[in-house]
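Below, each value reflects all heavy atoms present in this structure, side chains not excepted, and no hydrogens, waters or symmetry copies. Letters A, B, ... are given to chains in the order of the sequence lines, protein chains preceding strands, and every chain is numbered from 1.
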Amino acid sequence: MSLRLYNSRTRALEDFAPLEGNRVRIYMCGLTPSADPHLGHARSMLFFDVLRRYLEFLGYAVTYVQNVTDIDDKIIRRAADEGVGWYDVVEKYYGSFVASLEKLGVRRPDVEPRATEHIPKIVEIIRGLERMGIAYESDDGVYYSVRAWPAYGQLSGRHIDELLESVRIDASEHKRDPLDFALWKKQKPGEPAWDSPWGRGRPGWHIECSAMSWEYLGEPFDIHGGGLDLIFPHHENEVAQTEPLLAGKPMANFWVHTGLLFFNGSKMSKSLGNFVPLDEELRRHDPRAVRALFLQIDYRKQANFTADSIAAATKGLQRLDETLADLARRGDVRQIEEADALEALRSPARAIEPMARAFREALDGDMNTAGALAALFAWLTAARSLEGEQAAQAARALYGALWVLGIAPAGDRLAEPRAEAVLDVARTAALRSLCERLCGHANGGSVREWVEAILDVRRQARRERNWGRSDELRDALAGVGIVVKDSKEGSTWTIAG
RNA sequence: GGCGACAUAGCCAAGUGGUAAGGCAGAGCUCUGCAAAAGCUCCAUCGUCGGUUCGACUCCGACUGUCGCCUCCA
């Protein structure tokens, strides 16, 4: 068994192996924070987060770099519009992005380098290209000469002459060829600028990724990732900037591109404006469900985001949670350590083996997360009959699988996965007064204590077989968002989703 | 115009040259004071037309449809 990944560079499914020992070096194109990030951005990051986790599960030491392109035309324009500094724009939108990713359970990259902090490396690469006759200086900047690099267009499958026929290329008297692109832009009045051999200015889009991937990972490295819409021109240009300096080696061994997200029938895009900001979307939906939904779609396919599909994902996730809690209860497991969970999945006990194998086979096949998730669901029926130590091992293995997918519930809340969820302010106040009214006091001060106090009153009513009173209390709790469920073992409660 | 992707049940969605995962919804049943939840069971022949093959949903071709990229884009 080994991981196979689709490589955009060769347009084929290939066996993955690190270039160097046990170490896997990944560079992911992050964000240009000039506007609110949206769910499409999250989808890409989510996928690479799972890839990173799976590689770790397989035993590799992963170095994950994700850049921040913190200077570009749109950031400058936005800053002017809002009357703030360009760095304020970056902090605002990047900060929002980071906060949203945290909610989604996406782990922070090992390095989050910024373009403006890597001017020396950028200059070094441009100088190298200049020496090779691939870059040239003009009156408003330094440009890359696409005709000077025969392999230009290979990654994205374009041909220079065909590109020239495009209606959108813009000729400029500053460039030798309409397809040439800027490596360095000379300062215009009022623009932020850094020193360089060509005078003050700023890097063009693309060069920052060539510089920062090289700086932190070395060349060549293992995997370069990003959204499918970056393959041209961004990644093509990165390759064109980097590979002339590598004496025939590729910049990255694997190029992995994620499919685009659609909303109302067209691509989610900052420029089209057809998106809901990510932070708003995460206030509306459970972030774990959002994540579970994306896991059920092939990462390379374009996908639609709809209210129906998120609802379906939420339901499925609840079943997974309940089974996990159930296994933990029957196996008497109070807490699961990540390392134990991964080990239980790596070396599965006999009863877990079919699930573990199907799970790995799915992910080995070009990260088929939908298949991996299906393997878990298909196993749930069998899992329910496990008892004792078997149940304990199953709980750990299931938790490990959920960890790899990034949808594991907090490890110390197995018995009541949602009980600690936050109740909104109005309902908390209503619950408190309900508690005062029913119990004559509101001792404690937590949602949990108030609910338990009310449930004690209800338990008494139930012992007296006072069903009317019992139902009344259940309805009252439902009114403030607490859902009570009765079973043979007693009553449990959760906060309504 | 050039390049490319996709088309599987009500919805979402995997997958394989040998006869279709999974989730949601729906139906029936079990449990239950009731309710909810949960559990069990059931529920498709894979856009159209040709071809290759012992056999195709899976390969090839044509067609139809949807979408993306062609220098703002995860």
Query raised in the report: Taking atom C1' in both B:C31 and B:U16, what distance in whole Å separates the two?
Result: 39 Å
(message) Distance check, P atoms only: B:G26 and B:C46, in whole angstrom units.
(response) 27 Å
By side chain to side chain contact (heavy atoms under 4.5 Å, CB included), A:Asn7 pairs with (sequence neighbours left out) A:Arg9, A:Thr10, A:Glu14, A:Phe254, A:Trp255
Pairing string of RNA chain B (Watson-Crick or G-U wobble, both atom distances under 3.5 Å; | = paired to other strand) is (((((((..(((.....[...))).(((((.......)))))....(((((..]....))))))))))))....
Quick note, salt bridge (charged side-chain N to carboxylate O under 4.0 Å, His left out) partners involving residues 35-53 of chain A, not counting sequence neighbours, are A:Asp49-A:Arg53, A:Asp49-A:Arg291, A:Arg52-A:Asp110
Can you check the distance between B:A37 and B:U30, where both ends of the measurement are the C1' atom (answer in whole Å)?
14 Å
* **Whole-angstrom distance between B:G15 and B:A25, as gauged at atom C1'** => 23 Å
Discussion item. If you compare every side-chain N and O of A:Arg43 against the phosphate oxygens of B:A74 (OP1, OP2), does one of them come in below 4.0 Å?
Written reply: no
Those residues at least two apart in sequence (or on a different chain) that pass side chain to side chain donor-acceptor pair (under 3.5 Å) with A:Ser44 are A:Thr258
Separation of B:U71 atom P from A:Lys74 atom NZ, nearest Å, is 14 Å
So the side-chain hydrogen bond (donor to acceptor under 3.5 Å, both in side chains) pairs with at least one residue in residues 98-109 of chain A (sequence neighbours excluded) are A:Glu56-A:Arg107, A:Arg108-A:Glu112
With a 4.0 Å cut-off on heavy atoms, is A:Ser34 in touch with a base, just the backbone sugar-phosphate, or nothing at all?
nothing
When rounded to whole Å, the CD1 to C1' distance for the pair A:Ile297 and B:A74 reads 15 Å
From the candidates B:A74, B:C72, B:A35, the one with an atom nearest any side-chain atom of A:Cys29 is B:A74
Sorted by chain and number, sequence neighbours left out, side chain to side chain contact (heavy atoms under 4.5 Å, CB included) with A:Phe377 holds for A:Arg319, A:Leu320, A:Leu373, A:Leu380
Rounded to whole Å, CG of A:Asp364 lies from P of B:A14 at a distance of 18 Å
Ring pair (Phe, Tyr, Trp, His ring centres under 6.0 Å) filter on A:Tyr299, not counting sequence neighbours, yields A:Phe47
Quiz item: Any salt bridge between A:Glu137 and A:Lys186, counting N to O under 4.0 Å?
Solution: yes
Item checked: Salt bridge present between A:Glu280 and A:Arg284 (N-O < 4.0 angstrom) -> yes
Whichever of A:Asn237 and A:Asp486 has the more 5' nearest nucleotide on RNA chain B, that residue is A:Asp486
Pi-cation contact, A:Tyr136 with A:Arg176 (under 6.0 Å, within 45°): yes
Taking B:A37, B:U71, B:G33 as options, the one with an atom nearest any side-chain atom of A:Arg458 is B:G33
Margin query: Under 4.0 Å, counting only non-hydrogen atoms across every strand here, what does A:Leu228 touch: a base, just sugar-phosphate, or nothing?
Written below: nothing
query = Are OP1 or OP2 of B:C40 and a side-chain N or O of A:Arg384 less than 4.0 angstrom apart?
reply = yes
Whole-Å distance, A:Arg329 CZ to B:A38 P, equals 13 Å
For A:His206, the side chain to side chain donor-acceptor pair (under 3.5 Å) test, sequence neighbours excluded, returns A:His234, A:Asn237
*If we take the C1' atom in both B:G47 and B:G39, what is their distance in whole Å?*
38 Å
In whole angstrom, give me the gap between the P atoms of B:A5 and B:C60. 11 Å
What's the gap between B:A38 and B:U19 when it is taken at their C1' atoms, as a whole Å value?
35 Å
Reckon A:Phe47 touches a base, only the sugar-phosphate, or nothing at all at heavy-atom distances under 4.0 Å? nothing
Atom CG of A:Leu230 and atom P of B:G68 are separated, to the nearest Å, by 16 Å
* **A:Asp279/A:Arg283 salt bridge by N-O under 4.0 Å criterion** => yes
To the nearest angstrom, the CZ-P distance between A:Arg360 and B:A14 comes to 23 Å
Q. Looking at A:Asn304, does any N or O in its side chain come under 4.0 Å of the phosphate oxygens OP1/OP2 on B:C12?
A. no
Mind checking A:Asp298 for me? I need base, sugar-phosphate or nothing, with any heavy atom below 4.0 Å counting as a touch. sugar-phosphate
Residue set satisfying side chain to side chain donor-acceptor pair (under 3.5 Å) with A:Arg458, at least two apart, ordered chain then number -> A:Ser470, A:Asp486
- Could you check whether A:Gly40 gets within reach of a base, just the sugar-phosphate, or nothing at all, counting any heavy atom under 4.0 Å? base
Taking only nitrogen or oxygen atoms into account, show me every contact under 3.5 Å that the protein makes with nucleotides 2-7 of chain B, one pair per line with its distance.
residue: B:G2; atom: O2'; partner: A:Glu162; partner atom: OE1; Å: 2.9
residue: B:G2; atom: O2'; partner: A:Glu162; partner atom: OE2; Å: 3.3

Going 5' to 3' through nucleotides 22-27 of chain B and flagging B where a protein heavy-atom sits under 4.0 Å of the base, S where only the sugar-phosphate is that close, and - otherwise, we get BSSS--
note: A:Asp366, atom CG; B:A14, atom P; distance rounded to Å ~ 12 Å
With sequence neighbours left out, the residues meeting side chain to side chain donor-acceptor pair (under 3.5 Å) with A:Glu173 are none
- Message: Using atom P in both nucleotides, what's the gap between B:U48 and B:C57 to the nearest angstrom?
- Response: 10 Å
note: A:Met355, atom CE; B:A21, atom C1'; distance rounded to Å ~ 16 Å
Item to complete: Return yes when atom CZ of A:Arg11 has more than 12 non-hydrogen atoms of other residues, nucleotides or ligands closer than 6.0 Å, and no otherwise.
Response: yes
Just checking A:Gly365: base, sugar-phosphate only, or nothing, at a heavy-atom cut-off of under 4.0 Å? nothing
Testing B:A74, B:C34, B:G15 for proximity to the side chain of A:Asp471, the answer is B:C34
